[in-house]
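Accompanying notes for the structure given below.
Numbers here are sequence positions counted from 1. What you see is a predicted model, and the numbers here were worked out from it, not measured in a lab.
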Amino acid sequence: MLSAGEVAGLIAAMFWAILVCFLAYVLIKLARLLTATTKVVNELGDKVVPLLNEMSYTVSETNRQLVAVEAIASNVKEVSDDVAKITGLASTVVTGPIIKISSIAHGIRGALSRRGRRKAVERRP
């Protein structure tokens, strides 16, 4: 028969055996997790480098296109300024003679109107 000390030692030994098995299981799972993480990081590194190269190309292409758009916007501004100048010139060229013709017509109409009134006054006895 086992004495109380031997039973306590046996229980302690079983407890330590269960603890060691549990820790071994946790360490195995942790090792698998670290292996999987290492594999994912390696694959990610392999995919990130080409992605960064493509992104760099995209940014440089975008900058090139922005330069072209800036040139187009500059040309549009110049054309807009030229159209504004031509419109002002056309307005001056067209409205000046129209105002003069209108003034002459108004003067002739007034003169004819006054002449007609004079003749009417002269015809009255």
Side-chain angles (χ1 to χ4, degrees):
M1 193 108 231
L2 297 173
S3 68
E6 291 175 341
V7 171
L10 185 62
I11 292 174
M14 288 176 56
F15 172 75
W16 283 107
I18 293 172
L19 181 65
V20 167
C21 288
F22 175 74
L23 289 177
Y25 176 76
V26 169
L27 287 175
I28 290 171
K29 289 289 189 178
L30 184 62
R32 288 181 184 164
L33 177 67
L34 287 175
T35 303
T37 303
T38 303
K39 183 179 176 182
V40 168
V41 168
N42 287 337
E43 289 175 2
L44 183 65
D46 293 341
K47 292 179 182 178
V48 166
V49 171
L51 181 65
L52 288 175
N53 289 336
E54 288 179 20
M55 192 165 67
S56 174
Y57 173 75
T58 302
V59 168
S60 65
E61 189 66 21
T62 302
N63 285 336
R64 191 180 67 77
Q65 292 293 331
L66 283 175
V67 168
V69 168
E70 185 178 340
I72 291 169
S74 174
N75 290 339
V76 168
K77 183 182 180 307
E78 288 176 14
V79 168
S80 173
D81 291 343
D82 291 343
V83 167
K85 289 176 186 175
I86 290 171
T87 303
L89 179 64
S91 174
T92 302
V93 167
V94 172
T95 58
I98 290 176
I99 291 172
K100 288 178 184 177
I101 291 171
S102 175
S103 298
I104 290 172
H106 186 271
I108 291 172
R109 194 174 337 132
L112 290 176
S113 173
R114 276 182 257 143
R115 184 175 181 209
R117 276 189 254 151
R118 280 189 201 152
K119 282 187 177 183
V121 171
E122 290 175 4
R123 287 186 188 166
R124 283 187 198 174

Got [X] and [Y] here, is their nearest side-chain heavy-atom distance under 4.5 Å?
{"X": "Val26", "Y": "Phe22", "result": "yes"}
{"X": "Phe15", "Y": "Ile18", "result": "no"}
{"X": "Val67", "Y": "Arg64", "result": "no"}

Group every Ile, Leu, Val, Met, Phe, Trp and Tyr by side-chain heavy-atom contacts under 4.5 Å, then state whether Leu23 and Trp16 land in the same group. yes
Measure the [atom1]-[atom2] distance between [X] and [Y] for me, rounded to the nearest 0.5 Å.
{"X": "Ile108", "Y": "Ile101", "atom1": "CD1", "atom2": "CD1", "answer": "10.5 Å"}
{"X": "Ile99", "Y": "Ile104", "atom1": "CD1", "atom2": "CD1", "answer": "12.5 Å"}
{"X": "Thr35", "Y": "Leu30", "atom1": "OG1", "atom2": "CG", "answer": "9.5 Å"}
{"X": "Thr95", "Y": "Lys100", "atom1": "OG1", "atom2": "NZ", "answer": "10.5 Å"}
{"X": "Leu27", "Y": "Leu33", "atom1": "CG", "atom2": "CG", "answer": "12.0 Å"}
{"X": "Ile72", "Y": "Gln65", "atom1": "CD1", "atom2": "CD", "answer": "8.5 Å"}

Are the side chain of [X] and the backbone of [Y] linked by a donor-acceptor contact shorter than 3.5 Å?
{"X": "Thr92", "Y": "Gly88", "answer": "yes"}
{"X": "Ser80", "Y": "Val76", "answer": "no"}
{"X": "Ser74", "Y": "Glu70", "answer": "no"}
{"X": "Thr58", "Y": "Glu54", "answer": "yes"}

Would you find more than 12 non-hydrogen atoms of other residues, nucleotides or ligands less than 6.0 Å from Glu61 atom CD? yes
Minimum heavy-atom distance between Pro97 and Val93, given as atom pair plus value: CD-O, 2.7 Å
In residues 2-14, what donor-acceptor pairs under 3.5 Å come from side-chain atoms, sequence neighbours left out?
residue, atom, partner, partner atom, Å
Ser3, OG, Glu6, N, 3.4
Glu6, OE1, Ser3, N, 3.1

Could you check whether Asp81 pairs with Lys77 (Lys NZ or Arg NE/NH1/NH2 to Asp/Glu carboxylate O, under 4.0 Å)? yes
